Novice: 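First, the structure itself, so that you have it in front of you.
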Amino acid sequence: MAVTDADHYTGQITTRVDGIGHVLADSKLEIPDYQRSFSWSDDEVRELWDDVLKAIRDNVPDYFLGSMVTTAGAERDQVIDGQQRLATVSILFSAMRDILKSRSDERAEDIERDYLGRKNIRTREWQPKLKLNSDDNAIFQLIIEGRFSEAKRQATRDSHKALVKAYEILHEKMEQAIADLPATSWQAPLVELHEYLLSSANIIRVSVPSESRAFVIFETLNDRGLNLSTADLLKGHLFGTAGGRVEECKYSWAQAMAPFSGDDRSSTDQFLRHYWSSREGVSRVKALFSQMRDSVSTSEEAVALASELGKAAPLWASMFERDAAFWENYPDSAKESLEVLGALKVEQCRPLLLAVMQKFPKQEIEKVLELLISWSIRWFVVGGSGAGVTERLYAEAAKAVSLGR
């Protein structure tokens, strides 16, 4: 492994700068199930390709790809931050392998063995360098095993389709790079790309001895400008604060995220804002994480908030689906009211409805649904008093319900 002067050891936290190719070659890595699924857009994949190719053309000796935070696991290091980039580069190596293999170049075997995985010599089971979370891993493994057609056929989730699209983009880019080259030199751009990813396309790897400390590092890094959702940041803070109770926190967090697809960041953030408004009064998007973070300073508070979120999320998701289990014993009139409320697209009332669903008996919830429709229609008819005022009034009412007033 290439070691740089930037390596240092501080307490039990080690940091080193290394080529991302070396990281994949020398490690066994795994994305925990509580991490969000693959979510890079087509533009982000293309941007990675364009930036690396520009660095190669400009002879940039060291190109910085970002940071990666890991903690030791029983069999594999657990990736707390940096999974999107690792998955994308692994897919790049998969596409490179497939192009070399299609042209009967023996270097395909080298790429697969060094960066993707190999079969166990005794059991013949595939042993990958990188595993994704349980939602994405099956599709990802098909891609890195060289079974792209199967992966494309089986892709169902948005994250699956994003993995497939990333492969298609990178495969096409590499085909274009070698398209007009003669038989004696077409391999050169791929070899050059491989060498650059191995030693010059660098990441800062931060290795932390425990998950709780890893999430403190994660939150600190992302306070410095990386584009993460409120859910990402809150998860990091809760897990980092939970200390020895982090497993309880992880369990509740998984329950909270279960109603959402792994890459649905906007809905998870919307849920968190509605939940927090129902508890604390109206909350603005920009201040949401800081407000939630400041309310949690002990392991008990971290576990309690995660538990509350785990209970509230299925209720919030039920607002948008009349066939959800929550409404199973409600009359059709209540379900129709729910649909009308959705059609009106009045988001300001969601915190109040969430609080009511948590605190009120069935008959009272039915009445509140009717009242919300009546209020919303009246608001439309009279021209409204401003969305901000309406949101504040609903949030104050939701807070009062949550407090049992």
Side-chain angles (χ1 to χ4, degrees), residues 156-158 229-231 255-288 291-292 308-405:
T156 55
R157 301 168 60 94
D158 288 344
S229 68
T230 299
Q255 289 184 310
M257 295 298 105
F260 311 101
S261 65
D263 45 3
D264 190 1
R265 302 170 78 182
S266 61
S267 291
T268 54
D269 282 4
Q270 188 180 43
F271 156 65
L272 290 173
R273 191 163 81 87
H274 288 169
Y275 166 79
W276 198 247
S277 293
S278 75
R279 202 181 93 164
E280 301 293 334
V282 68
S283 178
R284 302 304 177 195
V285 174
K286 291 183 179 180
L288 179 59
Q291 290 174 355
M292 299 186 83
E308 290 174 16
L309 292 172
K311 296 173 184 175
L315 299 180
W316 184 86
S318 297
M319 295 183 196
F320 304 92
E321 181 53 64
R322 63 172 288 163
D323 294 326
F326 182 86
W327 306 109
E328 183 177 359
N329 296 319
Y330 281 72
D332 288 341
S333 59
K335 298 175 183 178
E336 289 167 5
S337 295
L338 189 72
E339 287 188 325
V340 171
L341 198 60
L344 291 173
K345 299 185 185 300
V346 182
E347 295 300 317
Q348 296 93 332
C349 69
R350 299 291 179 185
L352 176 56
L353 181 55
L354 178 60
V356 166
M357 291 169 71
Q358 289 180 300
K359 296 291 186 177
F360 282 14
K362 176 173 170 289
Q363 292 79 8
E364 295 300 315
I365 294 174
E366 292 177 34
K367 293 179 182 178
V368 169
L369 282 170
E370 294 176 1
L371 286 171
L372 289 175
I373 292 171
S374 176
W375 295 337
S376 298
I377 291 174
R378 290 181 184 181
W379 186 84
F380 282 123
V381 170
V382 301
S385 58
V389 174
T390 305
E391 183 178 25
R392 178 176 58 79
L393 293 173
Y394 273 125
E396 288 176 357
K399 180 179 179 181
V401 170
S402 297
L403 294 173
R405 293 175 181 168

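All of these numbers come straight from a predicted model, not from anything done at the bench. Residue numbers run from 1 in the order of the sequence given.
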Novice: At what distance, to the nearest 0.5 angstrom, does CD of Q358 lie from CG of L353?
Specialist: 10.0 Å

Novice: Here's one to test your reading of the geometry: is the NZ or CZ of R350 within 45 degrees of the ring axis of F320 and under 6.0 Å from its centre?
Specialist: yes

Novice: As a quick check of understanding, evaluate side-chain contact (heavy atoms from CB on, under 4.5 Å) for L272 and M292, giving each step before the final call.
Specialist: CA-CA 9 Å; L272 290 173; M292 299 186 83; 4.2 Å; yes

Novice: So, are R284 and E391 salt-bridged, with charged N and O less than 4.0 Å apart?
Specialist: yes

Novice: Which heavy atom of Y275 sits nearest a heavy atom of A312, and at what distance?
Specialist: CD1-CB, 3.8 Å

Novice: How close do D269 and L288 get, heavy atom to heavy atom, and via which atoms?
Specialist: O-CD2, 4.1 Å

Novice: Just wondering, do D332 and R322 contact through their side chains at under 4.5 Å, heavy atoms?
Specialist: yes

Novice: Measure the CG-CD distance between L341 and E347 for me, rounded to the nearest 0.5 Å.
Specialist: 8.5 Å

Novice: Using 0.5 Å steps for rounding, measure from the CH2 atom of W375 to the CG atom of L393.
Specialist: 10.5 Å

Novice: Hey, are E364 and K367 close enough for a salt bridge, meaning a charged N less than 4.0 Å from a carboxylate O?
Specialist: yes

Novice: Hey, does E308 have a side-chain heavy atom less than 4.5 Å from the side chain of R279?
Specialist: yes

Novice: Looking at NZ of K359 and CG of L403, how far apart are the two atoms once the value is rounded to the nearest 0.5 Å?
Specialist: 8.0 Å

Novice: Counting N and O atoms only, with roles assigned by atom type, does the side chain of S277 sit under 3.5 Å from a partner on the main chain of S283, one being a donor and the other an acceptor?
Specialist: yes

Novice: Look only at the side chain of S318 and the backbone of P314, and say whether a donor-acceptor pair between them is shorter than 3.5 Å.
Specialist: yes

Novice: Please give me the minimum heavy-atom distance between V356 and V401, naming the atom from each residue.
Specialist: N-CG1, 4.1 Å

Novice: Got a donor-acceptor contact below 3.5 angstrom from the S402 side chain to the S278 backbone?
Specialist: yes

Novice: To the nearest 0.5 Å, tell me how far T268 OG1 sits from M257 CE.
Specialist: 5.5 Å

Novice: Any donor-acceptor pair under 3.5 Å linking the side-chain atoms of E366 with those of S333?
Specialist: no

Novice: Looking only at non-hydrogen atoms, find the nearest pair between M357 and L315 and report the distance.
Specialist: CE-O, 3.3 Å

Novice: Using the rule given for side-chain contact (heavy atoms from CB on, under 4.5 Å), can you reason through M319 versus H274, listing the C-alpha separation, both sets of side-chain angles and the distance that settles it, and then say yes or no?
Specialist: CA-CA 12 Å; M319 295 183 196; H274 288 169; 5.9 Å; no

Novice: Taking the six-membered ring for Trp and the single ring otherwise, decide whether the centroids of F260 and W316 are under 6.0 Å apart.
Specialist: yes

Novice: Walk me through whether Y394 and L372 qualify under side-chain contact (heavy atoms from CB on, under 4.5 Å).
Specialist: CA-CA 10 Å; Y394 273 125; L372 289 175; 3.6 Å; yes

Novice: Are more than 12 heavy atoms from other residues, nucleotides or ligands located less than 6.0 Å from atom NZ of K335?
Specialist: yes

Novice: Which class fits the ring pair Y330 and W327: parallel under 30°, tilted 30 to 60°, perpendicular over 60°?
Specialist: perpendicular

Novice: Mark yes when over 12 heavy atoms from residues, nucleotides or ligands other than K345 sit less than 6.0 Å from its NZ; otherwise mark no.
Specialist: no

Novice: Nearest 0.5 Å please: distance from the NZ atom of K399 over to the CG atom of L352.
Specialist: 14.5 Å

Novice: Identify the two heavy atoms, one from L344 and one from S376, that lie closest to each other, and give their separation to 0.1 Å.
Specialist: CD1-CB, 3.9 Å

Novice: Do you know the tightest heavy-atom contact between I365 and F360?
Specialist: CD1-O, 3.5 Å

